[in-house]
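To start, the structure itself, in structure tokens.
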Amino acid sequence: QTQLALRQSFQAIQPVSRLEPLPLSFAQTRLWFLEQLQTGSAIYNIPTAYRVQGSLNLALLKQSFNEIVRRHETLRTNFTLVEGQPVQVISKTFSLDEQEQEIQRLATKEAQKNFDLAHDPLIRVTLLKLNETEHVVLLTLHHIIADGWSMEILIKELAILYEAFSKKQPSPLPELTIQYADFAVWQRQWLQGERLETQLAYWKKQLGGMLNVLQLPTDYPRARVQSFRGEHQTFSLSETLTQKLKALSQRESTTLFTTLLAAFKVLLYRYTGQDDII
């Protein structure tokens with residue numbers, strides 16, 4: 001009933017004026033705050049690399065990227081302070097041709113270069129030409145304007161636009177009715193007053209108390225200073241189990257990610273005996 005009441009309280013997202021300072025979404029505010037704590041870090045960069053086989057028309061590639069940047073305001077957004085509060089500043093135009101100096105950088109350094117959220121374009125594209133028929137496109141965005149899901153959309157749109165422009169056709173993609181800034185305003189308007197205070201009170205209680213370090217058994221002592229060096233492991237779940245997990249998530253009105261995260265935290269509890277997992 002609570003979930004149903006929340007859904008019924010939602011209003012449709014509407015386009016808003018760009019003449020007034022635009023707020024950040026709560027997710028953007030979190031990333032902006034973390035950037036202020038550790039200025040100059042590249043830990044929230046999203047670096048990807050795509051190998052392109054066959055002939056590549058550089059002019060069409062630039063045209064395709066520039067059309068995507070025109071189409072999505074968030075790709076030409078910066079974040080600065082107005083009267084002590086962070087706001088979104090959307091540039092009317094921005095061309096990747098302005099980044100020629102950035103394109104000359106070595107690929108090994110590209111992913112580790114930090115962004116200046118207030119001034120830098122928060123998308124960088126580097127093209128490495130290996131030979132006449134083989135290239136590598138390095139694409140780096142800051143997490144404050146993108147995530148893994150939206151990166152898939154960007155690459156899909158890039159392929160559609162490149163194909164259309166190579167045939168001298170206009171963009172087949174429809175214009176967007178709302179942009180991310182419209183969502184940010186909608187979210188701020190919806191989550192305020194008693195609704196916001198209820199959420200804040202809940203999370204202050206959930207996240208309050210002693211912040212005990214997770215006592216995982218390790219092969220070596222815990223480092224005194226936190227770093228962002230890590231590793232990853234890859235494994236696959238069967239199609240049958242995946243479908244069952246998706247069905248469970250749907251029944252519980254949550255996402256597959258949250259269900260898998262819950263399972264991971266149960267695993268951490270098994271190894272530590274702690275029920276407050278940090």
Side-chain angles (χ1 to χ4, degrees), residues 18 22 24-25 27-36 38-52 56-80 86-129 135-165 171 173 175-176 178-184:
R18 299 298 190 262
L22 295 165
L24 279 61
S25 70
Q28 287 177 323
T29 302
R30 172 173 57 88
L31 287 164
W32 180 87
F33 175 76
L34 292 171
E35 175 68 18
Q36 311 315 301
Q38 196 167 12
T39 302
S41 171
I43 59 174
Y44 286 105
N45 286 8
I46 305 178
T48 52
Y50 301 92
R51 185 174 295 273
V52 182
L56 180 67
N57 187 314
L58 179 58
L60 292 182
L61 183 66
K62 286 183 177 181
Q63 184 182 2
S64 302
F65 268 115
N66 284 331
E67 172 60 18
I68 288 176
V69 171
R70 183 205 66 80
R71 172 178 166 77
H72 295 280
E73 284 184 349
T74 186
L75 298 180
R76 43 190 167 87
T77 298
N78 289 111
F79 303 85
T80 188
V87 297
Q88 297 189 53
V89 179
I90 303 170
S91 299
K92 291 184 178 180
T93 60
F94 161 67
S95 170
L96 291 176
D97 288 330
E98 298 171 12
Q99 300 182 36
E100 288 299 329
Q101 291 184 350
E102 301 290 342
I103 293 176
Q104 304 304 317
R105 302 276 188 169
L106 294 176
T108 53
K109 296 181 179 179
E110 172 59 30
Q112 298 176 348
K113 275 175 47 182
N114 66 292
F115 287 99
D116 180 340
L117 299 187
H119 302 101
D120 291 346
L122 302 184
I123 173 175
R124 292 195 300 258
V125 181
T126 303
L127 179 66
L128 305 181
K129 182 176 181 179
H135 300 77
V136 173
V137 178
L138 302 178
L139 180 60
T140 308
L141 294 87
H142 194 281
H143 192 25
I144 201 169
I145 66 164
D147 57 16
W149 184 74
S150 56
M151 292 289 285
E152 292 184 14
I153 296 176
L154 191 155
I155 296 304
K156 180 180 178 181
E157 290 192 356
L158 179 66
I160 292 172
L161 290 170
Y162 185 89
E163 181 178 6
F165 293 158
S171 167
L173 300 174
E175 289 295 316
L176 301 175
I178 59 171
Q179 298 277 350
Y180 191 86
D182 301 310
F183 161 76

Please find the pair of heavy atoms, one from [X] and one from [Y], that lie closest to each other, and give the distance.
{"X": "Ser64", "Y": "Leu158", "result": "CB-CD1, 3.5 Å"}
{"X": "Leu176", "Y": "Gln179", "result": "CD1-NE2, 3.9 Å"}
{"X": "Asn78", "Y": "Asp120", "result": "ND2-O, 2.6 Å"}
{"X": "Asn114", "Y": "Ser41", "result": "CB-O, 3.4 Å"}
{"X": "Asn45", "Y": "Lys113", "result": "ND2-O, 2.6 Å"}
{"X": "Thr140", "Y": "Phe115", "result": "O-CZ, 3.7 Å"}

Is there side-chain contact between [X] and [Y], with at least one heavy-atom pair below 4.5 Å?
{"X": "Val125", "Y": "Val137", "value": "yes"}
{"X": "Ile144", "Y": "Tyr44", "value": "no"}
{"X": "Asp182", "Y": "Arg18", "value": "yes"}
{"X": "Ile43", "Y": "Gln38", "value": "yes"}
{"X": "Ile155", "Y": "Met151", "value": "no"}
{"X": "Phe65", "Y": "Leu161", "value": "no"}

Apply the test side chain to side chain contact (heavy atoms under 4.5 Å, CB included) to residues Leu61 and Val52: give CA-CA distance (whole Å), side-chain angles for both, the deciding distance (0.1 Å), then the verdict.
CA-CA 11 Å; Leu61 183 66; Val52 182; over 6 Å; no

If you round to the nearest 0.5 Å, how far is [atom2] of [Y] from [atom1] of [X]?
{"X": "Leu24", "Y": "Leu31", "atom1": "CG", "atom2": "CG", "value": "9.5 Å"}
{"X": "Ile160", "Y": "Glu67", "atom1": "CD1", "atom2": "CD", "value": "12.0 Å"}
{"X": "His142", "Y": "Asp116", "atom1": "NE2", "atom2": "CG", "value": "10.0 Å"}
{"X": "Glu157", "Y": "Ser150", "atom1": "CD", "atom2": "OG", "value": "10.5 Å"}
{"X": "Leu56", "Y": "His135", "atom1": "CG", "atom2": "NE2", "value": "5.0 Å"}
{"X": "Glu35", "Y": "Gln28", "atom1": "CD", "atom2": "CD", "value": "13.5 Å"}

Pairing residues for Phe183 by the ring-ring contact (aromatic ring centres under 6.0 Å, His included) criterion, not counting sequence neighbours:
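So Phe183 forms a ring-ring contact (aromatic ring centres under 6.0 Å, His included) with Tyr180, Trp186.
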
Asn66 vs Gln63, side chain to side chain contact (heavy atoms under 4.5 Å, CB included): CA-CA, chis, key distance, verdict:
CA-CA 5 Å; Asn66 284 331; Gln63 184 182 2; 5.8 Å; no

Evaluate the side chain to side chain contact (heavy atoms under 4.5 Å, CB included) criterion for residues Leu122 and Thr77: first the C-alpha distance (whole Å), next the side-chain angles of each, then the deciding distance (0.1 Å), finally the verdict.
CA-CA 7 Å; Leu122 302 184; Thr77 298; 6.0 Å; no

Among residues at least two apart in sequence or on other chains, which ones pass salt bridge (Lys or Arg N to Asp or Glu O under 4.0 Å) with Lys129?
Glu132

I would like to know whether Ile123 and Leu139 meet side chain to side chain contact (heavy atoms under 4.5 Å, CB included); could you show each step before the answer?
CA-CA 7 Å; Ile123 173 175; Leu139 180 60; 3.9 Å; yes

